[in-house]
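Here is the structure we will look at, set down as structure tokens.
Lettering follows sequence order; numbering is per chain, from 1.
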2 protein chains.
Amino acid sequence: MTDSVRKLVQQRLRDGDYTCRKEFTLAMFNGKWKVNIIYHLGHEGSYYFHELQALLPHASHKELAKKLKELQEDSLIDREIEDNGPRVKVAYSLTPLGRSLLPIIDAMYDWGDQRLRELNVHDVQFGLGQVKQ
Amino acid sequence: MTDSVRKLVQQRLRDGDYTCRKEFTLAMFNGKWKVNIIYHLGHEGSYYFHELQALLPHASHKELAKKLKELQEDSLIDREIEDNGPRVKVAYSLTPLGRSLLPIIDAMYDWGDQRLRELNVHDVQFGLGQVKQ
DNA sequence: CCGTATCCACACCGATACTG
DNA sequence: CAGTATCGGTGTGGATACGG
């Protein structure tokens with residue numbers, strides 16, 4: 001997903017248009033990997049950058065760094081630099097604001113879990129029905 | 001917003017990978033206008049296509065039709081053709097499954113509402129902080 | 001009234017490489 | 001170890017037009 005929702009919402013807020021509450025929230029975790037980052041940091045505590053890389057092996061180095069930066073800009077995560085040694089490590093953790101998103105993320109997890117179970121049970125080709133042409 | 005999350009999730013499910021519950025849910029309402037469509041249909045009942053157009057004046061004719069088709073494919077909305085007269089009208093409404101998403105959408109509304117109030121009160125340039133370069 | 005096709009601009013994201 | 005720049009493929013969404 002794209003980040004266009006996020007940029008559009010930012011523009012609307014700059015224009016004084018606050019009639020985008022749902023989109024504003026969506027923009028917080030819209031974008032590839034963001035939901036997973038928030039979920040991991042929320043349920044398992046803080047992680048170093050390279051640990052997040054290991055948790056999300058399909059995420060490219062560049063995109064992971066970019067998404068973390070955006071989450072930090074949105075005040076959802078904290079970034080702490082540990083400069084003790086030859087190598088610098090950076091630890092990420094959820095802010096209280098980021099933690100306040102967890103009920104929504106968890107609700108999304110539960111909804112998806114239940115829906116996937118239903119589809120599996122009824123064997124409807126996993127429910128990804130195509131409209132008849 | 002894009003639909004890449006939706007397509008990616010569909011592919012993962014086809015591959016037998018069900019470890020994407022949160023992304024699966026996100027894919028339901030990710031994509032421009034979808035959250036608003038669900039919200040309107042959920043809180044105000046069914047609408048004709050042209051009524052939705054009026055409710056979402058910035059959505060192009062093409063994209064609105066496309067998103068409605070996707071929502072229908074995902075079994076979130078029903079589509080009913082009323083062919084009484086020279087002009088055909090099409091009514092859209094939420095399915096029970098679509099209605100089951102409302103608690104999440106409403107939670108997103110509430111989160112965004114509260115967050116925007118906080119930012120307004122504290123006047124932090126509406127919180128869209130930029131990371132120092 | 002509603003759906004879809006075409007064309008086009010642009011944003012995203014991956015691969016790669018360079019920096020500190 | 002972590003962040004950023006560049007290049008390129010691809011998907012998304014707007015304008016427009018045509019078909020049912």
Side-chain angles (χ1 to χ4, degrees), chain A residues 1-11 23 26-27 29-34 36-37 46-73 77-92 130-133, chain B residues 1-11 23 26-27 29-34 36-37 46-73 77-92 130-133:
Chain A
M1 160 141 92
T2 71
D3 210 8
S4 50
V5 168
R6 188 167 172 270
K7 289 181 180 169
L8 185 62
V9 166
Q10 291 180 352
Q11 185 58 52
E23 295 86 344
L26 180 58
F29 50 78
N30 195 14
K32 222 169 175 180
W33 315 115
K34 278 192 180 181
N36 268 311
I37 295 170
S46 68
Y47 279 120
Y48 292 117
F49 183 89
H50 68 272
E51 291 176 326
L52 287 171
Q53 273 193 294
L55 287 170
L56 305 169
H58 296 297
S60 74
H61 180 109
K62 188 195 78 170
E63 282 304 308
L64 184 55
K66 190 176 171 190
K67 296 309 173 190
L68 287 168
K69 187 175 176 180
E70 289 175 2
L71 289 169
Q72 190 196 355
E73 287 173 3
I77 65 175
D78 272 329
R79 180 175 182 272
E80 197 166 350
I81 304 173
E82 296 184 8
D83 195 354
N84 40 348
R87 289 300 178 190
V88 174
K89 294 207 283 190
V90 180
Y92 291 95
Q130 297 302 310
V131 170
K132 304 290 186 300
Q133 296 294 336
Chain B
M1 163 90 191
T2 72
D3 211 7
S4 50
V5 169
R6 189 167 172 270
K7 289 183 180 167
L8 185 63
V9 166
Q10 291 180 352
Q11 185 59 53
E23 294 86 343
L26 180 57
F29 50 79
N30 193 15
K32 222 169 174 180
W33 316 115
K34 279 192 180 180
N36 268 311
I37 295 170
S46 68
Y47 278 119
Y48 292 117
F49 184 89
H50 68 272
E51 291 176 325
L52 286 171
Q53 273 193 293
L55 286 170
L56 305 170
H58 296 298
S60 73
H61 180 110
K62 188 194 79 169
E63 281 305 306
L64 184 55
K66 190 177 171 190
K67 296 310 174 190
L68 287 168
K69 186 176 176 180
E70 290 175 1
L71 290 169
Q72 189 197 355
E73 288 173 2
I77 64 175
D78 272 329
R79 181 176 182 272
E80 196 165 351
I81 304 174
E82 296 184 7
D83 195 354
N84 40 348
R87 288 301 176 190
V88 174
K89 293 207 285 190
V90 180
Y92 291 96
Q130 298 300 313
V131 170
K132 304 289 186 300
Q133 297 292 338

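Dashed line: the shortest gap from a side-chain N or O of A:K66 to OP1 or OP2 of C:dG14 is not under 4.0 Å. Contact annotation: B:R79 does not reach the phosphate of C:dC2 (side-chain N/O to OP1 or OP2, under 4.0 Å). Not one side-chain nitrogen or oxygen of B:Y92 sits closer than 4.0 Å to the OP1 or OP2 atom of C:dC1.
Considering all non-hydrogen atoms of both residues, A:K32 and B:L8 come closest at CE-CD2, 3.7 Å. For the pair A:I77 and A:L68, the tightest heavy-atom approach, listed with the atom from each and the gap, is CD1-O, 3.3 Å. Here the closest non-hydrogen pair linking B:L64 and B:Q53 is CD2-CG, 3.5 Å. For A:K67 against A:K34, the heavy-atom pair with the smallest separation is CD-CE, 3.9 Å. Among all heavy-atom pairs drawn from B:P57 and B:A54, the shortest one is CD-O, 3.6 Å. Across B:V90 and B:R79, no two heavy atoms sit closer than the pair CG1-CG, 3.6 Å.
Legend: residues meeting side chain to side chain contact (heavy atoms under 4.5 Å, CB included) with A:A65, ordered by chain and number and at least two apart, are A:F49.
In this structure, B:Y48 atom OH and C:dC2 atom C1' are separated by 14 Å, rounded to whole Å. B:I81 has its CD1 atom 16 Å from the P atom of D:dG20, to the nearest Å. Per the geometry, NZ belonging to B:K69 stands 12 Å off C1' belonging to C:dA5, to the nearest Å. Between the P atom of C:dC8 and the CD atom of B:E63 lies a distance of 18 Å, rounded to the nearest Å. For the pair A:L68 CG and D:dC1 P, the computed distance is 16 Å after rounding to whole Å. Between the CZ atom of A:F49 and the C1' atom of D:dA2 there is a distance of 6 Å, rounded to whole Å. As rounded to whole Å, 15 Å separates atom C1' of C:dG3 from atom CG of B:L52. Nucleotide C:dA11 holds its P atom 12 Å from the CD atom of A:Q11, rounded to whole Å.
Annotation: the terminal axes of the helix from C:dC1-D:dG20 to C:dG20-D:dC1 meet at 40°, where each axis is the rotation carrying the C1' atoms of four end pairs onto the next four (5 pairs per end, rounded to 10°).
Residue-environment remark: CD (A:E82) exceeds the threshold of 12 foreign heavy atoms within 6.0 Å.
Among C:dC1, D:dG3, D:dC1, the nucleotide with an atom closest to any side-chain atom of A:K89 is D:dC1. Residue A:W33 has its side chain nearest to C:dG14 when only D:dG3, C:dA11, C:dG14 are considered. The side chain of A:K67 sits closest to C:dC13 out of C:dC13, C:dC2, C:dT4.
Taking the side chain as every heavy atom from C-beta outward, B:R6 and B:E73 approach each other to under 4.5 Å.
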Give me, pair by pair, the N or O atoms of the protein and of nucleotides 15-19 of chain D that are less than 3.5 Å apart, along with how far apart they are.
none

